[in-house]
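Handing you this structure, nothing more for now.
Every chain is numbered from 1, with letters handed out A, B, ... down the list of sequences.
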Protein chains: 2
Amino acid sequence: MDAGASEESKGQRTRAAILERAVEVACRVGLGGLTVGQLAAEAGLSKSGLYAHVRSKEALQLAVLETAAEQFAAAVVRPALQAPRGEPRVHALVDRWLACGRTFAPGGVLIVKASVELDDQEGAVRDLLEEQHRELVRTIARIVAGGVADGQFRVDVAPDQFAADLYGVMLAYYHAHRLLRDPRAEARARTAVAALLAAARSPHHQGAVRAPDEDAPSRAPHDEE
Amino acid sequence: MDAGASEESKGQRTRAAILERAVEVACRVGLGGLTVGQLAAEAGLSKSGLYAHVRSKEALQLAVLETAAEQFAAAVVRPALQAPRGEPRVHALVDRWLACGRTFAPGGVLIVKASVELDDQEGAVRDLLEEQHRELVRTIARIVAGGVADGQFRVDVAPDQFAADLYGVMLAYYHAHRLLRDPRAEARARTAVAALLAAARSPHHQGAVRAPDEDAPSRAPHDEE
DNA sequence: AGCAAATTAGCACGATCGTGCTTTTCTCGT
DNA sequence: ACGAGAAAAGCACGATCGTGCTAATTTGCT
């Protein structure tokens with residue numbers, strides 16, 4: 001008699017609904033601000049009814065984090081990985097990431113918020129979060145490295161530096177967009193990404209990969225120390 | 001019996017001590033995680049004894065935020081404004097900002113953390129925080145604009161874009177340093193700043209790239225604001 | 001339909017939350 | 001040295017926190 005197109009049993013469905021709701025709530029109040037009673041009220045359950053699904057608060061936080069990461073991977077990372085290698089793939093990642101702001105995929109917002117909230121609180125939640133972010137940075141770096149291997153980016157582009165820079169652009173976007181509510185936030189993020197890409201672009205781009213004869217670094221964007 | 005060299009009365013001194021301690025605690029658990037009982041224990045006071053100083057929790061959060069901003073201004077912004085205009089001033093800002101990590105001036109950490117924590121929670125605390133961050137971004141933009149007016153930076157450098165980019169670099173630094181505990185975080189931040197500066201540098205005015213003592217700009221005695 | 005199993009509500013618990021009083025202790029100008 | 005006023009503690013309150021256990025309800029299979 002259920003019209004939901006799903007194979008899971010009731011328990012799994014309500015659990016999923018709880019976690020989805022929890023991600024949205026945690027986006028506002030943080031993982032630490034998540035409260036069993038509040039979340040139960042928001043999900044239309046009794047406190048103990050909800051508690052039967054999440055066996056403890058820490059387990060809830062871990063599950064919420066995993067849900068958020070899965071949302072982010074499904075809405076941003078995996079689609080971007082389907083774009084052509086190199087620059088288009090970077091652009092796809094940024095485009096979808098920026099869209100996290102308005103299209104409701106709040107997981108992307110939560111993992112950013114949680115990473116700041118928990119950076120100084122030891123425990124299993126922090127451990128999971130750290131691993132998730134390590135993986136995210138690795139993914140970005142691999143996307144960049146693909147562009148380097150393709151010849152689209154210069155060989156002296158350091159993927160992890162680029163990944164850190166790109167992540168910083170996204171953090172600045174969140175800051176300007178969410179705290180300052182600056183409507184120019186997205187445009188600035190795009191400008192910054194374009195600058196990053198311009199600095200990384202191989203001098204002879206334009207599709208076909210020519211033989212790499214001589215790369216004369218007219219202006220290397222690195223080191224002073 | 002007291003050896004403290006201060007002019008204020010006892011009340012003001014303990015209040016200052018409370019706030020200083022509160023900044024450190026809030027650096028770990030956030031402004032929302034601040035609790036009167038916990039803070040009282042950490043400060044060696046009774047709950048009501050502390051509560052007499054901070055008249056409510058919201059007032060406490062506001063005062064903590066003001067304390068943090070003052071710490072940041074005293075340790076980072078004001079000293080940087082004393083450096084010579086343009087590039088040296090940008091470098092001074094970054095240097096001192098990066099030092100917030102280890103030298104204990106936790107105010108700089110808190111205002112970053114609070115900005116993410118409260119970006120979606122209306123109220124007086126968010127309002128204050130937003131204004132503080134607006135002012136911070138304005139300050140950075142003015143430092144950049146000074147370099148443009150000086151001819152050190154190209155005329156087509158947009159100060160607010162540069163400010164957002166620079167702030168993003170700092171956010172990426174906090175992420176890598178505090179969550180990932182990456183020892184290369186600081187080096188990457190410096191690399192990113194150097195790239196930002198290199199892209200902004202005007203083609204002529206090609207003085208010493210990094211010789212802040214040699215380069216004598218036209219005007220040293222005054223600082224603008 | 002009927003029944004076992006899974007799901008949810010009810011209720012209770014100790015702890016701690018923010019916030020008020022009242023009382024004790026301390027400070028410091030005279 | 002003392003006395004007025006400031007500072008801190010003691011204590012109490014309702015609310016809510018996370019977490020259990022038990023009873024009622026609902027689900028899904030035969």
Side-chain angles (χ1 to χ4, degrees), chain A residues 1-22 25-26 28-65 117-118 121-126, chain B residues 1-22 25-26 28-65 117-118 121-126:
Chain A
M1 84 183 326
D2 57 300
S6 70
E7 204 56 51
E8 322 124 335
S9 264
K10 179 84 191 311
Q12 327 232 346
R13 254 179 293 137
T14 46
R15 183 183 152 94
I18 287 171
L19 291 179
E20 210 166 316
R21 206 95 190 78
V25 175
R28 289 184 247 130
V29 297
L31 270 185
L34 259 188
T35 209
V36 179
Q38 191 75 20
L39 183 56
E42 199 119 9
L45 283 180
S46 75
K47 213 163 59 139
S48 47
L50 184 139
Y51 202 78
H53 288 279
V54 306
R55 309 191 64 81
S56 80
K57 179 157 193 206
E58 194 179 55
L60 167 66
Q61 294 175 319
L62 291 170
V64 168
L65 224 40
E117 179 187 359
L118 296 174
Q121 289 174 256
E122 310 295 328
V125 187
R126 205 206 107 106
Chain B
M1 55 168 65
D2 60 302
S6 72
E7 203 57 50
E8 322 124 335
S9 263
K10 179 86 190 310
Q12 326 230 350
R13 255 179 292 138
T14 45
R15 183 183 151 94
I18 287 172
L19 291 179
E20 207 166 319
R21 205 93 190 79
V25 175
R28 288 182 247 131
V29 297
L31 269 186
L34 259 189
T35 209
V36 179
Q38 192 74 17
L39 183 56
E42 200 118 7
L45 284 181
S46 76
K47 216 165 53 139
S48 47
L50 184 140
Y51 202 78
H53 287 278
V54 306
R55 308 192 66 82
S56 80
K57 178 158 195 207
E58 195 178 54
L60 167 65
Q61 294 175 319
L62 290 170
V64 167
L65 223 40
E117 178 188 359
L118 297 174
Q121 288 173 257
E122 310 296 327
V125 187
R126 205 205 106 106

Contact summary for B/Q61 and B/V125, nearest pair of heavy atoms:
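Between these two residues, the closest heavy atoms are OE1-CG2, 3.6 Å.
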
When all nucleic acid strands are considered with a 4.0 Å heavy-atom cut-off, which category describes A/A52: base, sugar-phosphate, or nothing?
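The answer is base, as A/A52 lies within the cut-off (heavy atoms under 4.0 Å) of a base atom.
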
Have a look at B/L60 and say if it touches a base, only the backbone sugar-phosphate, or nothing, with a 4.0 Å heavy-atom cut-off.
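Nothing, no nucleic acid heavy atom in range.
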
Side chains of B/V54 and B/L39: closer than 4.5 Å at any heavy-atom pair?
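Result no, sub-4.5 Å side-chain heavy-atom pair not found.
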
Angle by which the axis turns from one end of the helix from C/dA1-D/dT30 to C/dT30-D/dA1 to the other, five pairs per end, to 10 degrees:
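For the helix from C/dA1-D/dT30 to C/dT30-D/dA1, the axes at either end differ by 20°.
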
From A/R126 CZ over to A/E117 CD, what is the distance, rounded to the nearest 0.5 angstrom?
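So the gap between those two atoms works out to 12.5 Å.
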
Among residues at least two apart in sequence or on other chains, which ones pass salt bridge (charged side-chain N to carboxylate O under 4.0 Å, His left out) with A/E42?
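Only A/R21, A/R28 meet the salt bridge (charged side-chain N to carboxylate O under 4.0 Å, His left out) criterion with A/E42.
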
To the nearest angstrom, how far is B/Y51 atom OH from C/dC21 atom P?
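Value for this atom pair: 11 Å.
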
Integer-rounded Å distance: D/dA8 P and B/L50 CG:
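Result: 9 Å.
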
Can you name the residues that form a side-chain contact (heavy atoms from CB on, under 4.5 Å) with A/A40, not counting sequence neighbours?
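A/A40: side-chain contact (heavy atoms from CB on, under 4.5 Å) contacts with A/L50.
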
When all nucleic acid strands are considered with a 4.0 Å heavy-atom cut-off, which category describes B/S48: base, sugar-phosphate, or nothing?
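Base contact.
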
Do any N or O atoms of the protein come closer than 3.5 Å to N or O atoms of nucleotides 3-7 of chain C, and which pairs are they?
from  : atom 1 : to    : atom 2 : distance (Å)
C/dT7 : OP1    : A/G11 : N      : 3.3

Rounded interatomic separation in angstrom, taking CD from B/Q61 and C1' from C/dG18:
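So the two atoms are 12 Å apart, to the nearest Å.
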
Under the side-chain contact (heavy atoms from CB on, under 4.5 Å) rule, collect the residues that match up with A/S46, sequence neighbours excluded.
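Partners of A/S46 under the side-chain contact (heavy atoms from CB on, under 4.5 Å) test: A/S48.
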
If I take atom CG from residue B/L62 and atom CG from residue B/L31, how far apart are they, to the nearest 0.5 angstrom?
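These two atoms lie 9.0 Å from each other.
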
For A/E20, look at atom CD and say whether over 12 heavy atoms of other residues, nucleotides or ligands are found less than 6.0 Å away.
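Not buried by this count: 12 neighbours or fewer within 6.0 Å.
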
Can you tell me which nucleotide in C/dT8, C/dT19, D/dT19 comes closest to the side chain of A/K57?
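Nearest to the side-chain atoms of A/K57, counting from C-beta on, is D/dT19.
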
Is any side-chain nitrogen or oxygen of B/T35 closer than 4.0 Å to OP1 or OP2 of C/dG18?
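Indeed, a polar side-chain atom of B/T35 lies that close.
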
Which of residues 38-45 of chain B sit near DNA chain C, with a heavy atom under 4.0 Å from it?
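Those residues: none at all.
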
Listed nucleotide nearest any side-chain atom of B/V36, set C/dT19, D/dA9, D/dC17:
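Nearest nucleotide to the side chain: C/dT19.
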
Nearest whole Å is fine: how far is D/dC21 P from A/R55 CZ?
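Between P of D/dC21 and CZ of A/R55: 11 Å.
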
Ignoring backbone atoms, test whether A/R13 places a side-chain nitrogen or oxygen under 4.0 Å from the OP1 or OP2 oxygen of D/dG28.
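Checking D/dG28 against A/R13, a side-chain N or O does come within under 4.0 Å of OP1 or OP2.
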
